[in-house]
There are 2 protein chains.
Amino acid sequence: MADQAHGTELEDAITPNLDRLAREGVTGLLEPVGPGVTPGSGPGHLALFGYDPLEFVLGRGALSAAGLGVELHPGDVAARGNLCTLDADGNVVDRRAGRITDDEARRVVARLSATVQGVEIHHEKGHRLLVVFRGEGLDPRIGDTDPQTTGVSPLDPRPLDPAAASAAELVAAKLTEIHRALAGEPAANGLLLRGFDTHRELPRFEDRTGLRAAAVAVYPMYRGIAKLLGFDVLGSPADLADQVRLLEKHREDADYFFVHVKDADAAGEDGDRGAKVAAIEGVDEAIPDLAAALEPGVIAVTGDHATPSQMAAHSWHPVPVVVHGPRSGRDDTDRFGERWCRAGGLGVRPSMQLLPILMANAGHLAKYGA
Amino acid sequence: MADQAHGTELEDAITPNLDRLAREGVTGLLEPVGPGVTPGSGPGHLALFGYDPLEFVLGRGALSAAGLGVELHPGDVAARGNLCTLDADGNVVDRRAGRITDDEARRVVARLSATVQGVEIHHEKGHRLLVVFRGEGLDPRIGDTDPQTTGVSPLDPRPLDPAAASAAELVAAKLTEIHRALAGEPAANGLLLRGFDTHRELPRFEDRTGLRAAAVAVYPMYRGIAKLLGFDVLGSPADLADQVRLLEKHREDADYFFVHVKDADAAGEDGDRGAKVAAIEGVDEAIPDLAAALEPGVIAVTGDHATPSQMAAHSWHPVPVVVHGPRSGRDDTDRFGERWCRAGGLGVRPSMQLLPILMANAGHLAKYGA
């Protein structure tokens, strides 16, 4: 988001490689879900993969489970958990437990797993957990306990439908046990749950497109959504350099590669403008290596949603996109950034329209009609 | 509408305040109903309020009735009436009876009401009347008698569905009586009817959005559409200065304020380019007062349709829009006008998408999905 004093983080970042893609290719803006709609990561990615995010709905719990390789069965309920810091009055002080380290978080999870029975807790990354309630016919229509803000207490798990009353009771009872077990932890003395969901089946990407797809992502949740759609998930890379190595190794194994980079979004959520600019410049530096690793016929660079550091949150603002390939055409846009891409040849359009444009560019779509 | 010799009236007007909004905010073009579709005022406004104008249909009669506070019941039929001037052959010379004054029009309506029984005639504004046929089971599917042009005779009221045959006969009989009663009037010797409709119930704006809405409009019809959607209608202002005073007084009484200004549209319908430019400059001058009266979090300026003076009629051309607020972002557009706004960050989009964008800017929408 640009304001009077700044361009967007992307506009202000130094990005010679992305600018070259913009200069040689065609640009535009993508609106992930709809006008004014701020997407979660699930709908943002589904749209990029060509799935209508209003037709296909995925809770965070189902995403996280898929990312960790935890199988959900009908009747189970899963939620995304945040380790958090509560003050003496039980109010949330930090929704991310001071960005707790992986090691610390694993220790806390081990302590919880040893103490609290009847709930499965998996560490995901940093403060992020997956919490699974196994049962028969548990209904996932339960309201988030994460208040999405600080200075207030966690919300009660509330049934959003009468059918979810017993599941909500079970969650409330387990949360009481969990908070008792966490008492005395310095940073991670609370747990917030959101995105309750159950087992989901989505149509496979390959069945819809005829393309073999692969994903390389550092964060489990993004591997999770790819896995739910039937992508091959390539390893568990630690960073972008690892991702490049995996792509090089598997370059012949898929037609469509999804490369996810989290850093710019994480910095945006932290409200850290400088870190977000640096993260974007880090992606820019990796572009030549990514291109050399894959030698792709068509390259697209975009986001699943905006995360302006001014808002320290996801937002509804359209995101820039560039499509680069021998048949992409080009436009007059010669820098990659919102203000230049909006005048580009792709116009302003829904994110779910990107995939067919990429497929056409790669020669995967036949003529319609005679 | 721009041509080889002119920009649009808005492009040629001197509008420093609107230009500032454009420079600091984000701009675009709105297409009220669909490509190539010229909207009436009903669909134009419904779209701006976030109602799909193809789903929610309102006849002009229903709009006018709501504006005048005339209650329609199922089975009644209402139409918008224009006092007009007919020549000796019965052809329309002036569809607006020489822009007859309110006083003159009221005198004519009183004369009609005293002479013609079984039809209710209400004066609206200038040449504009509301004509209500009370009955049981009258069907409103009747074709307009307004030919929308001069040099031809008024059309017969034609049933558009067999079920409307008796209603059309009633209307025809009453029109004969009315024209007999108007014989000898110097300017207003004819009556044209259009937009036959009956009682309508529309979902309330507050139920759809959670927002309390208020309207300030000089012309009754625009208060009418707002009232149909459950807006608070603030007074009966005489001019824009009155509107500003009402807004200041009621600034705490609503979340969403609809401020309607008619003058530019009226001048466009008259084909008076100079008057339209002046009307637009009048709106521009009022912007600081409007902003001071409301201190709004988010400002949007747009139209419900185009009315190019070259056409002297509504048209299908997209209308410019600016959205201005702390989270609107900005684009490279620094003047408010069609040719600059079309390169703006909102792109070219349906008018009904404006409301969710405003709601997002004002922080009234939650995140979609996890």
Name the member of B/Ala343, B/Gly347, B/Gly345 that forms the most heavy-atom pairs with chain A at distances under 4.5 Å. B/Gly345

Under a 4.5 Å heavy-atom cutoff, which of B/Asn361, B/Asp331, B/Leu346 has the most pairs with chain A?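 Highest number of heavy-atom pairs under 4.5 Å: B/Asn361.
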
For the student: nearest non-hydrogen atoms of [X] and [Y], plus distance:
{"X": "A/Val348", "Y": "B/Arg349", "answer": "CG1-NH2, 3.9 Å"}
{"X": "A/His317", "Y": "B/Arg327", "answer": "NE2-O, 2.7 Å"}
{"X": "B/Tyr368", "Y": "A/Leu54", "answer": "OH-CA, 3.5 Å"}

Is A/Glu11 in contact with chain B via its backbone, its side chain, both, or neither, using a 4.5 Å heavy-atom distance? neither

Atom group of A/His6 that falls short of 4.5 Å from chain B, counting heavy atoms: backbone

For the pair A/Arg339 and B/Asp332, find out whether any cationic side-chain nitrogen is under 4.0 Å from an anionic carboxylate oxygen.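 Salt bridge present between A/Arg339 and B/Asp332.
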
Counting heavy-atom pairs under 4.5 Å with chain B, which one of [options] comes out on top?
{"options": "A/Pro39, A/Gly36, A/Pro35", "answer": "A/Pro35"}
{"options": "A/Arg80, A/Met311, A/Gln310", "answer": "A/Met311"}
{"options": "A/Gln148, A/Met221, A/Glu31, A/Glu338", "answer": "A/Glu31"}
{"options": "A/Gly195, A/Ser64, A/Pro43", "answer": "A/Pro43"}
{"options": "A/Pro32, A/Pro53, A/Pro308", "answer": "A/Pro53"}

Within a radius of less than 6.0 Å around CZ of B/Arg200, do more than 12 heavy atoms belonging to other residues, nucleotides or ligands occur? yes

How far does NZ of B/Lys367 sit from OG of A/Ser41, to the nearest 0.5 angstrom? 6.5 Å

Measure from the side-chain N and O atoms of B/Arg330 to the backbone N and O of A/Asp3, and report whether any donor-acceptor pair falls under 3.5 Å.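 It does hold such a pair.
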
